[in-house]
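Along the sequence shown, residues are numbered consecutively beginning with 1. Excluded from the calculations below are hydrogen atoms, water molecules and symmetry mates; all remaining heavy atoms, backbone and side chain alike, are included. Everything quoted here is computed from the prediction, not taken from an experiment.
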Amino acid sequence: MAISGSAHPGDPSGDPPGEVASSGPRYGRGLSLGAQELPLLDVSVLEDLEEQLGQPDIAWNFASDYVSMWGLRQSRIVASIGREDRMAALDAVISLKVSSAMVGGLRLAHLAERLEATVRNGDLGEGADLLAGIAVHGRATVKELRLGYMRTHG
């Protein structure tokens with residue numbers, strides 16, 4: 001699985017166009033310099049899944065389910081951190097981390113991994129700081145799946 005390069009040709013940061021915050025760091029807090037090196041979406045992950053399964057429609061359906069479940073996943077994370085429910089937050093963020101990695105959402109999977117670590121350490125305040133970056137990268141990942149993978153592989 002390739003983890004370098006830009007998801008957007010011509011944009012060396014790989015950041016989706018038009019998603020820059022008006023003040024402060026790009027994408028809110030929590031995006032490390034290493035994460036900026038990761039592509040927003042690595043379509044080869046889903047293409048590899050298509051090849052391994054021998055049935056492209058299964059990978060496409062997985063991507064479609066990921067897209068349709070994004071809002072629910074995000075709201076579960078936000079709600080559990082807001083309630084300071086560490087176990088529910090871990091469950092929600094691990095689900096996001098694993099599913100994001102499986103669709104090739106490498107940047108979002110990295111952010112979810114960071115959020116998982118902060119929740120495990122009991123620092124739900126820092127976890128709340130990561131939510132803005134997760135929200136932005138989640139929306140951008142869903143958009144890339146729709147416009148990139150699902151449109152060309154559907």
Side-chain angles (χ1 to χ4, degrees), residues 1-21 25-81 87-120 127-154:
M1 167 171 35
I3 60 170
S4 64
S6 172
H8 295 276
D11 179 4
S13 72
D15 293 338
E19 296 280 349
V20 178
R26 293 168 74 108
Y27 300 108
R29 296 149 83 173
L31 184 59
S32 67
L33 291 176
Q36 291 177 349
E37 298 297 319
L38 295 172
L40 184 64
L41 181 66
D42 181 354
V43 177
S44 70
V45 173
L46 286 167
E47 290 170 344
D48 288 347
L49 183 61
E50 288 177 5
E51 190 175 307
Q52 290 171 8
L53 297 174
Q55 298 178 329
D57 58 321
I58 293 175
W60 191 93
N61 288 336
F62 182 72
S64 177
D65 290 345
Y66 180 90
V67 165
S68 66
M69 291 185 64
W70 161 246
L72 177 62
R73 283 194 174 106
Q74 181 188 17
S75 64
R76 284 183 58 215
I77 292 171
V78 170
S80 60
I81 288 179
M87 294 309 293
L90 276 175
D91 182 55
V93 76
I94 289 169
S95 172
L96 177 65
K97 177 183 77 171
V98 170
S99 60
S100 295
M102 289 178 69
V103 297
L106 302 183
R107 226 183 278 174
L108 185 57
H110 174 79
L111 286 171
E113 184 173 17
R114 289 195 52 213
L115 179 57
E116 177 188 3
T118 62
V119 171
R120 285 188 188 280
D129 289 345
L130 290 168
L131 293 177
I134 285 176
V136 169
H137 285 279
R139 286 189 306 269
T141 300
V142 164
K143 182 178 179 180
E144 284 295 306
L145 280 166
R146 281 186 183 136
L147 297 177
Y149 176 77
M150 294 173 72
R151 182 180 286 172
T152 59
H153 291 78

Find the distance between [atom1] ([X]) and [atom2] ([Y]) and round it off to the nearest 0.5 Å.
X      : Y      : atom1 : atom2 : result
Leu38  : His137 : CG    : NE2   : 10.0 Å
Thr118 : Glu113 : OG1   : CD    : 11.5 Å
His153 : Glu50  : NE2   : CD    : 5.0 Å
Leu40  : Leu106 : CG    : CG    : 9.0 Å
Glu37  : His110 : CD    : NE2   : 11.0 Å

| request: Please test Arg146 against Val67 for side chain to side chain contact (heavy atoms under 4.5 Å, CB included), starting from the C-alpha separation and ending with a verdict. | output: CA-CA 8 Å; Arg146 281 186 183 136; Val67 165; 3.3 Å; yes
| field | Results of side chain to side chain donor-acceptor pair (under 3.5 Å) for Ser100 - residues two or more places apart only | value |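 Applying side chain to side chain donor-acceptor pair (under 3.5 Å) to Ser100 gives Tyr66.
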Side chain proximity check, [X] to [Y], heavy atoms < 4.5 angstrom:
X      : Y      : value
Leu46  : Leu145 : yes
Arg107 : Thr141 : no
Glu116 : Leu90  : yes

Indicate the atoms forming the closest heavy-atom contact of [X] with [Y], along with that distance.
X      : Y     : answer
Ser80  : Ala89 : OG-CA, 3.1 Å
Ser44  : Asp42 : OG-OD1, 2.5 Å
Ala101 : Val45 : O-CG1, 3.6 Å
Ile77  : Ala92 : CG1-CB, 3.5 Å
Leu96  : Trp70 : CD1-CZ3, 3.8 Å

For residues 52-65, dump all side-chain donor-acceptor pairs below 3.5 Å to protein atoms at least two apart in sequence or in another chain.
| from | atom 1 | to | atom 2 | distance (Å) |
| --- | --- | --- | --- | --- |
| Trp60 | NE1 | Met150 | O | 3.2 |
| Asn61 | ND2 | Asp57 | O | 3.2 |

| Between Leu115 and Leu131, is a side chain to side chain contact (heavy atoms under 4.5 Å, CB included) present by the stated rule, with each step listed? | CA-CA 8 Å; Leu115 179 57; Leu131 293 177; 4.1 Å; yes
| message | For Asp91, is there any backbone N or O sitting under 3.5 Å from a side-chain donor or acceptor partner on Ser95? | response | no
